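Hydrogens, waters and symmetry mates play no part in the numbers below; they use all other heavy atoms, side chains included. These numbers were taken from a predicted model, which means no experiment stands behind them. Just so it is clear: chains get the letters A, B, ... in the order the sequence lines come, proteins before strands, and each one is counted from 1.
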Protein chains: 2
Amino acid sequence: MPHDDPVPMLRQQGYRLTSQRRAVLRVVSSSERNLTAEEIFSEVVPTQPALDIATVYRTLQWLQTVGLVAALASSDGRMRYEYHPHGNEHHHLICQNCGRTLQVPSEAFATLRARLRQVYAFVLDEHLTLPGLCAECAAT
Amino acid sequence: MPHDDPVPMLRQQGYRLTSQRRAVLRVVSSSERNLTAEEIFSEVVPTQPALDIATVYRTLQWLQTVGLVAALASSDGRMRYEYHPHGNEHHHLICQNCGRTLQVPSEAFATLRARLRQVYAFVLDEHLTLPGLCAECAAT
DNA sequence: CTTCGTGCAAAAGCTTTGCAATGCG
DNA sequence: CGCATTGCAAAGCTTTTGCACGAAG
(Lines give C-alpha, C1' and ligand atoms only; values in the text may rest on other atoms or scores of the structure.)
Protein backbone atom coordinates (compact mmCIF):
# COMPACT_ATOMS: atom_id res chain seq x y z
CA MET A 1 0.00 0.00 0.00
CA PRO A 2 1.75 3.15 -1.22
CA HIS A 3 1.91 6.03 1.25
CA ASP A 4 1.96 9.20 -0.82
CA ASP A 5 1.65 11.86 1.83
CA PRO A 6 -0.96 14.26 0.47
CA VAL A 7 0.03 17.03 2.89
CA PRO A 8 2.70 18.69 0.67
CA MET A 9 0.32 18.77 -2.27
CA LEU A 10 -2.41 20.35 -0.18
CA ARG A 11 -0.06 22.97 1.24
CA GLN A 12 1.17 23.76 -2.24
CA GLN A 13 -2.42 24.38 -3.27
CA GLY A 14 -2.67 27.06 -0.62
CA TYR A 15 -4.66 25.19 2.01
CA ARG A 16 -3.83 25.67 5.66
CA LEU A 17 -2.71 22.46 7.27
CA THR A 18 -3.95 22.81 10.82
CA SER A 19 -3.40 20.17 13.45
CA GLN A 20 -7.11 19.37 13.30
CA ARG A 21 -7.01 18.76 9.57
CA ARG A 22 -3.91 16.62 9.87
CA ALA A 23 -5.49 14.54 12.60
CA VAL A 24 -8.75 13.92 10.73
CA LEU A 25 -6.83 13.07 7.57
CA ARG A 26 -4.61 10.67 9.48
CA VAL A 27 -7.55 8.84 11.04
CA VAL A 28 -9.54 8.60 7.82
CA SER A 29 -6.58 7.49 5.73
CA SER A 30 -5.40 4.83 8.15
CA SER A 31 -8.75 3.24 8.89
CA GLU A 32 -9.78 -0.01 7.27
CA ARG A 33 -13.46 0.68 7.84
CA ASN A 34 -15.40 3.68 6.59
CA LEU A 35 -15.93 5.79 9.68
CA THR A 36 -18.72 8.11 10.74
CA ALA A 37 -17.98 11.69 11.77
CA GLU A 38 -18.60 10.73 15.38
CA GLU A 39 -16.12 7.85 15.17
CA ILE A 40 -13.46 10.08 13.65
CA PHE A 41 -14.14 12.65 16.34
CA SER A 42 -13.73 10.02 19.07
CA GLU A 43 -10.39 8.94 17.70
CA VAL A 44 -8.99 12.46 17.55
CA VAL A 45 -10.36 13.94 20.78
CA PRO A 46 -7.89 12.20 23.12
CA THR A 47 -5.02 14.08 21.48
CA GLN A 48 -6.99 17.30 20.85
CA PRO A 49 -9.44 17.79 23.73
CA ALA A 50 -10.70 21.12 22.40
CA LEU A 51 -11.71 19.66 19.06
CA ASP A 52 -15.32 20.25 18.10
CA ILE A 53 -17.45 17.87 16.05
CA ALA A 54 -18.32 20.79 13.76
CA THR A 55 -14.68 21.00 12.80
CA VAL A 56 -14.69 17.32 11.90
CA TYR A 57 -17.67 17.86 9.61
CA ARG A 58 -16.09 20.93 8.01
CA THR A 59 -12.81 19.12 7.52
CA LEU A 60 -14.59 16.18 5.92
CA GLN A 61 -16.35 18.52 3.51
CA TRP A 62 -13.03 20.09 2.67
CA LEU A 63 -11.45 16.68 2.07
CA GLN A 64 -14.29 15.88 -0.31
CA THR A 65 -13.73 19.03 -2.32
CA VAL A 66 -10.03 18.21 -2.70
CA GLY A 67 -10.95 14.67 -3.73
CA LEU A 68 -9.29 12.77 -0.92
CA VAL A 69 -12.47 11.55 0.73
CA ALA A 70 -15.84 10.31 -0.45
CA ALA A 71 -19.05 10.36 1.58
CA LEU A 72 -21.19 7.25 1.52
CA ALA A 73 -24.73 7.04 2.86
CA SER A 74 -24.84 4.26 5.40
CA SER A 75 -27.97 2.14 5.82
CA ASP A 76 -28.40 3.46 9.36
CA GLY A 77 -28.96 6.95 7.99
CA ARG A 78 -25.58 8.35 8.94
CA MET A 79 -22.79 9.23 6.54
CA ARG A 80 -19.56 7.29 6.40
CA TYR A 81 -16.35 8.65 4.99
CA GLU A 82 -13.93 6.74 2.83
CA TYR A 83 -10.36 7.65 2.01
CA HIS A 84 -9.59 7.76 -1.72
CA PRO A 85 -5.83 7.49 -2.17
CA HIS A 86 -4.83 8.41 -5.67
CA GLY A 87 -3.44 5.65 -7.85
CA ASN A 88 -4.44 2.58 -5.91
CA GLU A 89 -7.46 1.18 -7.62
CA HIS A 90 -9.31 -1.49 -5.74
CA HIS A 91 -12.69 -2.28 -4.30
CA HIS A 92 -13.66 -3.51 -0.86
CA LEU A 93 -15.65 -6.48 0.28
CA ILE A 94 -16.95 -5.89 3.76
CA CYS A 95 -18.31 -8.66 5.93
CA GLN A 96 -21.65 -7.68 7.41
CA ASN A 97 -21.13 -10.05 10.30
CA CYS A 98 -17.59 -9.45 11.56
CA GLY A 99 -16.62 -6.23 9.77
CA ARG A 100 -13.53 -7.70 8.13
CA THR A 101 -12.62 -6.18 4.77
CA LEU A 102 -11.02 -7.69 1.68
CA GLN A 103 -9.45 -5.83 -1.21
CA VAL A 104 -10.23 -6.85 -4.76
CA PRO A 105 -8.33 -5.47 -7.74
CA SER A 106 -10.47 -3.43 -10.10
CA GLU A 107 -9.93 -5.89 -12.93
CA ALA A 108 -12.31 -8.35 -11.30
CA PHE A 109 -15.07 -5.85 -12.03
CA ALA A 110 -14.12 -5.14 -15.64
CA THR A 111 -16.81 -7.35 -17.13
CA LEU A 112 -19.60 -6.09 -14.91
CA ARG A 113 -18.43 -2.52 -15.44
CA ALA A 114 -18.52 -2.90 -19.20
CA ARG A 115 -21.93 -4.51 -19.13
CA LEU A 116 -23.48 -1.84 -16.92
CA ARG A 117 -22.08 0.84 -19.17
CA GLN A 118 -23.38 -0.87 -22.29
CA VAL A 119 -26.82 -1.75 -21.02
CA TYR A 120 -27.55 1.12 -18.64
CA ALA A 121 -25.05 3.79 -19.69
CA PHE A 122 -24.05 3.74 -16.03
CA VAL A 123 -20.44 4.37 -15.08
CA LEU A 124 -19.49 2.53 -11.91
CA ASP A 125 -17.45 4.29 -9.25
CA GLU A 126 -13.75 3.57 -9.03
CA HIS A 127 -14.14 2.65 -5.39
CA LEU A 128 -16.87 0.23 -4.45
CA THR A 129 -17.65 -1.24 -1.07
CA LEU A 130 -19.71 -4.39 -1.35
CA PRO A 131 -21.50 -6.00 1.59
CA GLY A 132 -21.65 -9.73 2.13
CA LEU A 133 -20.25 -12.52 4.27
CA CYS A 134 -16.61 -13.53 4.56
CA ALA A 135 -15.38 -17.11 4.50
CA GLU A 136 -15.58 -17.71 8.23
CA CYS A 137 -18.91 -16.01 8.78
CA ALA A 138 -20.52 -17.65 5.75
CA ALA A 139 -19.48 -21.06 7.07
CA THR A 140 -21.63 -20.84 10.18
CA MET B 1 -45.20 -5.70 -13.71
CA PRO B 2 -47.53 -7.98 -11.73
CA HIS B 3 -50.11 -6.35 -9.50
CA ASP B 4 -50.77 -8.82 -6.72
CA ASP B 5 -52.77 -6.87 -4.19
CA PRO B 6 -50.99 -7.54 -0.90
CA VAL B 7 -53.92 -6.33 1.22
CA PRO B 8 -55.73 -9.70 1.53
CA MET B 9 -52.50 -11.40 2.56
CA LEU B 10 -51.83 -8.74 5.20
CA ARG B 11 -55.34 -8.96 6.60
CA GLN B 12 -55.07 -12.72 6.69
CA GLN B 13 -51.91 -12.34 8.76
CA GLY B 14 -53.87 -10.42 11.35
CA TYR B 15 -52.68 -6.89 10.58
CA ARG B 16 -55.11 -4.02 10.79
CA LEU B 17 -55.59 -2.36 7.45
CA THR B 18 -56.30 1.24 8.36
CA SER B 19 -56.97 3.89 5.76
CA GLN B 20 -53.57 5.41 6.56
CA ARG B 21 -51.78 2.14 5.87
CA ARG B 22 -53.68 1.57 2.66
CA ALA B 23 -52.88 5.06 1.44
CA VAL B 24 -49.15 4.81 2.18
CA LEU B 25 -49.00 1.39 0.57
CA ARG B 26 -50.82 2.64 -2.50
CA VAL B 27 -48.44 5.58 -2.96
CA VAL B 28 -45.28 3.54 -2.40
CA SER B 29 -46.36 0.70 -4.64
CA SER B 30 -47.45 2.90 -7.51
CA SER B 31 -44.49 5.24 -7.60
CA GLU B 32 -41.76 4.89 -10.17
CA ARG B 33 -39.21 6.71 -8.04
CA ASN B 34 -38.15 5.78 -4.54
CA LEU B 35 -39.85 8.34 -2.35
CA THR B 36 -38.87 9.95 0.93
CA ALA B 37 -41.22 9.87 3.91
CA GLU B 38 -41.97 13.54 3.33
CA GLU B 39 -42.89 12.91 -0.31
CA ILE B 40 -45.19 10.06 0.61
CA PHE B 41 -46.76 12.26 3.27
CA SER B 42 -47.37 15.04 0.76
CA GLU B 43 -49.12 12.67 -1.61
CA VAL B 44 -51.46 11.30 1.04
CA VAL B 45 -52.31 14.45 2.99
CA PRO B 46 -54.75 15.88 0.44
CA THR B 47 -57.06 12.93 0.97
CA GLN B 48 -56.33 12.52 4.69
CA PRO B 49 -55.76 15.99 6.15
CA ALA B 50 -55.31 14.67 9.70
CA LEU B 51 -52.48 12.36 8.72
CA ASP B 52 -49.29 12.84 10.69
CA ILE B 53 -45.78 12.30 9.35
CA ALA B 54 -45.09 10.05 12.35
CA THR B 55 -47.73 7.66 11.08
CA VAL B 56 -46.01 7.59 7.71
CA TYR B 57 -42.74 6.63 9.38
CA ARG B 58 -44.43 3.99 11.52
CA THR B 59 -46.26 2.57 8.53
CA LEU B 60 -43.04 2.40 6.54
CA GLN B 61 -41.37 0.51 9.37
CA TRP B 62 -44.28 -1.90 9.44
CA LEU B 63 -44.06 -2.40 5.67
CA GLN B 64 -40.38 -3.22 6.09
CA THR B 65 -41.10 -5.84 8.72
CA VAL B 66 -43.63 -7.52 6.46
CA GLY B 67 -41.13 -7.39 3.60
CA LEU B 68 -43.07 -5.19 1.20
CA VAL B 69 -40.79 -2.18 1.41
CA ALA B 70 -37.04 -1.66 1.64
CA ALA B 71 -35.33 1.44 3.00
CA LEU B 72 -32.42 2.81 0.99
CA ALA B 73 -30.00 5.42 2.29
CA SER B 74 -29.96 8.30 -0.16
CA SER B 75 -26.80 10.30 -0.73
CA ASP B 76 -28.49 13.40 0.69
CA GLY B 77 -28.77 11.71 4.06
CA ARG B 78 -32.47 10.98 3.91
CA MET B 79 -34.04 7.56 3.56
CA ARG B 80 -35.95 6.55 0.47
CA TYR B 81 -38.47 3.76 0.40
CA GLU B 82 -38.86 1.23 -2.35
CA TYR B 83 -41.70 -1.14 -2.98
CA HIS B 84 -40.55 -4.75 -3.14
CA PRO B 85 -43.16 -6.92 -4.77
CA HIS B 86 -42.16 -10.47 -4.00
CA GLY B 87 -40.15 -12.39 -6.58
CA ASN B 88 -38.34 -9.48 -8.18
CA GLU B 89 -34.73 -9.66 -7.06
CA HIS B 90 -32.54 -6.86 -8.20
CA HIS B 91 -29.69 -4.55 -7.29
CA HIS B 92 -29.43 -0.79 -7.50
CA LEU B 93 -27.21 1.62 -9.32
CA ILE B 94 -27.33 5.02 -7.69
CA CYS B 95 -26.04 8.13 -9.39
CA GLN B 96 -23.72 10.07 -7.11
CA ASN B 97 -24.50 13.27 -8.94
CA CYS B 98 -28.28 13.40 -9.32
CA GLY B 99 -29.47 10.63 -7.02
CA ARG B 100 -31.35 8.76 -9.73
CA THR B 101 -31.50 4.99 -9.25
CA LEU B 102 -31.55 2.15 -11.75
CA GLN B 103 -32.57 -1.42 -11.12
CA VAL B 104 -30.47 -4.27 -12.40
CA PRO B 105 -31.65 -7.87 -12.30
CA SER B 106 -29.55 -10.09 -10.05
CA GLU B 107 -28.45 -12.25 -12.97
CA ALA B 108 -26.15 -9.50 -14.18
CA PHE B 109 -24.07 -10.16 -11.08
CA ALA B 110 -23.96 -13.92 -11.34
CA THR B 111 -20.45 -14.07 -12.81
CA LEU B 112 -18.94 -11.63 -10.34
CA ARG B 113 -20.74 -13.36 -7.49
CA ALA B 114 -19.34 -16.75 -8.50
CA ARG B 115 -15.86 -15.39 -8.91
CA LEU B 116 -15.79 -13.64 -5.53
CA ARG B 117 -16.99 -16.81 -3.89
CA GLN B 118 -14.39 -18.93 -5.65
CA VAL B 119 -11.42 -16.64 -5.16
CA TYR B 120 -12.24 -14.96 -1.83
CA ALA B 121 -14.82 -17.29 -0.32
CA PHE B 122 -16.92 -14.14 -0.04
CA VAL B 123 -20.69 -14.36 -0.39
CA LEU B 124 -22.16 -11.18 -1.84
CA ASP B 125 -25.33 -9.72 -0.39
CA GLU B 126 -28.59 -10.30 -2.21
CA HIS B 127 -29.24 -6.60 -2.33
CA LEU B 128 -26.47 -4.29 -3.48
CA THR B 129 -26.45 -0.55 -4.03
CA LEU B 130 -23.63 0.55 -6.29
CA PRO B 131 -22.49 4.16 -6.67
CA GLY B 132 -21.53 5.70 -9.99
CA LEU B 133 -22.75 8.10 -12.64
CA CYS B 134 -25.89 7.77 -14.71
CA ALA B 135 -26.06 8.38 -18.45
CA GLU B 136 -26.90 12.06 -18.25
CA CYS B 137 -24.45 12.92 -15.50
CA ALA B 138 -21.61 10.94 -17.04
CA ALA B 139 -22.09 12.81 -20.31
CA THR B 140 -21.14 16.19 -18.88
C1' DC C 1 -0.68 41.17 9.52
C1' DT C 2 -4.40 39.30 7.01
C1' DT C 3 -7.13 35.80 6.18
C1' DC C 4 -8.70 31.30 6.86
C1' DG C 5 -10.03 27.94 10.16
C1' DT C 6 -11.72 26.88 14.81
C1' DG C 7 -14.59 26.59 19.02
C1' DC C 8 -18.80 27.48 20.87
C1' DA C 9 -23.60 27.64 20.78
C1' DA C 10 -27.63 27.48 18.52
C1' DA C 11 -30.40 25.97 14.74
C1' DA C 12 -31.98 22.98 11.15
C1' DG C 13 -33.48 18.88 9.23
C1' DC C 14 -35.01 13.90 9.56
C1' DT C 15 -36.74 10.33 12.45
C1' DT C 16 -38.40 8.38 16.77
C1' DT C 17 -41.12 8.06 21.02
C1' DG C 18 -44.67 8.77 25.02
C1' DC C 19 -49.31 9.09 25.81
C1' DA C 20 -54.17 9.65 25.55
C1' DA C 21 -57.78 9.13 22.14
C1' DT C 22 -59.66 6.55 18.19
C1' DG C 23 -61.35 3.02 15.39
C1' DC C 24 -60.46 -1.73 13.35
C1' DG C 25 -61.73 -6.42 13.60
C1' DC D 1 -65.28 -4.28 23.22
C1' DG D 2 -60.23 -4.86 23.54
C1' DC D 3 -56.23 -3.70 21.76
C1' DA D 4 -53.51 -2.21 17.85
C1' DT D 5 -52.87 2.09 15.69
C1' DT D 6 -53.23 7.05 15.35
C1' DG D 7 -52.52 12.14 16.20
C1' DC D 8 -50.16 15.32 18.71
C1' DA D 9 -46.28 17.10 20.89
C1' DA D 10 -41.87 16.69 22.33
C1' DA D 11 -37.45 14.73 22.23
C1' DG D 12 -33.28 12.58 19.85
C1' DC D 13 -29.69 12.48 16.42
C1' DT D 14 -26.89 13.82 12.82
C1' DT D 15 -25.32 17.67 10.36
C1' DT D 16 -25.07 22.69 9.42
C1' DT D 17 -24.41 27.61 10.38
C1' DG D 18 -23.30 32.41 12.56
C1' DC D 19 -19.93 34.77 14.90
C1' DA D 20 -15.98 36.28 17.43
C1' DC D 21 -11.48 34.56 18.57
C1' DG D 22 -7.13 32.47 17.31
C1' DA D 23 -3.55 30.71 14.58
C1' DA D 24 -1.18 29.72 9.82
C1' DG D 25 1.50 31.50 6.30
Open item on the list: Any residue in residues 63-83 of chain B with a heavy atom nearer than 4.0 angstrom to DNA chain C? Just list them by number, or reply none.
Closed with: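 The answer is B:R78, B:M79.
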Open item on the list: Within residues 44-53 of chain A, which residues have any heavy atom lying less than 4.0 Å from an atom of DNA chain C?
Closed with: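 Contacts with DNA chain C under 4.0 Å: A:A50, A:L51, A:D52.
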Nearest-neighbour nucleotide for the [X] side chain, [options] considered:
X     : options              : answer
B:L17 : D:dT6, C:dG25, D:dA9 : C:dG25
A:R11 : C:dT6, D:dG25, D:dT5 : D:dG25
B:Q20 : C:dG5, D:dG7, D:dC19 : D:dG7
B:R16 : C:dT6, C:dT3, D:dT5  : D:dT5

Round to a whole Å and report the spacing from [atom1] of [X] to [atom2] of [N].
X     : N      : atom1 : atom2 : answer
A:Q12 : D:dG25 : CD    : P     : 14 Å
B:I40 : C:dC14 : CD1   : C1'   : 14 Å
B:L60 : D:dT5  : CG    : P     : 15 Å
B:R21 : C:dG23 : CZ    : C1'   : 13 Å
A:R22 : C:dT6  : CZ    : P     : 12 Å
A:Y15 : C:dC4  : OH    : P     : 12 Å
B:E38 : C:dG13 : CD    : C1'   : 10 Å
A:F41 : D:dT14 : CZ    : P     : 12 Å

- [ ] Please answer: with hydrophobic residues joined when any side-chain heavy atoms are less than 4.5 Å apart, are B:L128 and A:V123 in the same cluster?
- [x]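 In one cluster with B:L128: A:V123, no.
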TODO: Check the hydrophobic clustering (I, L, V, M, F, W, Y; side-chain heavy atoms under 4.5 Å; chains of links allowed) and say if B:V104 and A:L130 are grouped together.
DONE: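 Yes; tracing contacts between hydrophobic side chains, which count when under 4.5 Å, links both residues.
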[N] phosphate, OP1 or OP2, under 4.0 Å from [X] side-chain N/O:
X     : N      : answer
A:Y57 : D:dT16 : no
B:T18 : D:dT6  : yes
B:T55 : D:dG7  : yes

Open item on the list: A quick test of your reading: do over 12 heavy atoms of other residues, nucleotides or ligands sit less than 6.0 Å from CD of B:Q13?
Closed with: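 Buried by this count: over 12 neighbours within 6.0 Å.
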Heavy-atom closest pair, residues [X] and [Y]:
X      : Y      : value
A:P131 : B:L124 : O-CD2, 3.7 Å
B:A23  : B:V44  : CB-CG1, 3.6 Å
A:D76  : B:M79  : C-CE, 3.8 Å

TODO: Hey, can you tell me if B:Y15 and B:W62 have their rings parallel, tilted or perpendicular (30° and 60° cut-offs)?
DONE: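 Ring orientation, 0 to 90° scale: perpendicular.
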Task: Sugar-phosphate, base or nothing in reach of B:Q61, heavy atoms under 4.0 Å - done: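 B:Q61: backbone/sugar contact only, no base atoms under 4.0 Å.
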TODO: May I ask you to say what A:R58 touches in the nucleic acid, namely base, sugar-phosphate or nothing, with a heavy-atom cut-off under 4.0 Å?
DONE: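 Answer is base: heavy atoms of A:R58 come under 4.0 Å of a base.
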Task: Residues forming a ring pair (Phe, Tyr, Trp, His ring centres under 6.0 Å) with A:H92, sequence neighbours excluded - done: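 Scan of A:H92 (ring pair (Phe, Tyr, Trp, His ring centres under 6.0 Å), adjacent residues dropped) gives A:H90.
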Open item on the list: Between B:R80 and B:E39, does any NZ, NE, NH1 or NH2 come within less than 4.0 Å of an OD or OE carboxylate oxygen?
Closed with: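 Counted as a salt bridge, because a side-chain N and a carboxylate O are separated by less than 4.0 Å.
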Task: Result of checking A:L72, A:L63, A:L60 against A:Y81 for side-chain contact (heavy atoms from CB on, under 4.5 Å) - done: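 Passing option: A:L60.
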